[in-house]
Amino acid sequence: MANNIPENIPEEYRPISMWGYFGYQLLFSIPCVGFILLIIFAVGGTSNINVRNFARSYFCYLIILAILFVLLLVATGGLAVLTGMSGSR
């Protein structure tokens, strides 16, 4: 399979392959080290703009998941209080 990426593209604009995105997603999903690397890449720890934008989008995804988790926790905790299952008798 031929590489269709032109050679005159600067290094900071080089596209990432599908396997590159897969590898970065695996890297960012490692519990502590991945989160640290995610923050480093998101604030500009890489010269490739595509990697930086992917790290920022993954970080936004994690923020949305955290917000949904908190909302679910609050909703189920509120439901437990309303139904009298709070544990105090």
Side-chain angles (χ1 to χ4, degrees):
M1 185 182 239
N3 189 0
N4 295 332
I5 301 172
E7 293 298 322
N8 57 356
I9 295 177
E11 187 63 34
E12 63 264 8
Y13 295 111
R14 289 225 183 247
I16 305 168
S17 69
M18 186 265 316
W19 287 108
Y21 280 112
F22 182 72
Y24 281 118
Q25 191 165 6
L26 284 177
L27 178 69
F28 294 155
S29 64
I30 298 172
C32 291
V33 176
F35 187 72
I36 293 169
L37 287 174
L38 175 68
I39 292 174
I40 289 172
F41 285 166
V43 297
T46 181
S47 63
N48 193 327
I49 292 173
N50 296 312
V51 174
R52 187 178 69 210
N53 287 337
F54 179 69
R56 288 177 180 175
S57 67
Y58 198 85
F59 187 67
C60 290
Y61 170 73
L62 290 179
I63 290 173
I64 290 171
L65 280 180
I67 290 171
L68 288 175
F69 179 73
V70 168
L71 287 175
L72 182 68
L73 195 64
V74 168
T76 56
L79 185 64
V81 169
L82 286 177
T83 58
M85 298 176 61
S86 62
S88 62
R89 294 184 184 241

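All heavy atoms count here, side chains included; hydrogens, waters and symmetry mates do not. By convention here, the first residue in the shown sequence is residue 1.
- Between Ala42 and Ala55, the closest heavy-atom pair is N-CB, 3.7 Å.
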Go through the steps to decide whether Leu38 and Leu62 satisfy the test side chain to side chain contact (heavy atoms under 4.5 Å, CB included), and finish with yes or no. CA-CA 11 Å; Leu38 175 68; Leu62 290 179; 3.6 Å; yes
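- Partner of Phe28 under the ring pair (Phe, Tyr, Trp, His ring centres under 6.0 Å) criterion, chosen from Tyr21, Tyr58, Phe59, Tyr61: Tyr58.
- With hydrophobic clusters built from ILVMFWY side chains whose heavy atoms lie under 4.5 angstrom apart, Ile36 shares a cluster with Phe54.
- Put simply, Val74 and Leu72 are part of two different groups of oily side chains (I, L, V, M, F, W, Y) that touch within less than 4.5 Å, one to the next.
- Neither Leu71 nor Ile64 shares a network with the other; the hydrophobic side chains, linked directly or stepwise wherever heavy atoms of I, L, V, M, F, W or Y lie under 4.5 Å apart, form separate groups for each.
- Residues Val33 and Phe22 fall into different hydrophobic clusters, defined by Ile, Leu, Val, Met, Phe, Trp and Tyr side chains chained together at heavy-atom separations under 4.5 Å.
- A distance of 11.5 Å separates CZ of Arg14 from CG of Asn50, quoted to the nearest 0.5 Å.
- Counting heavy atoms from C-beta on, the side chains of Leu27 and Phe41 come closer than 4.5 Å.
- Phe35 and Leu65 end up in the same hydrophobic cluster when Ile, Leu, Val, Met, Phe, Trp and Tyr side chains are linked at under 4.5 Å.
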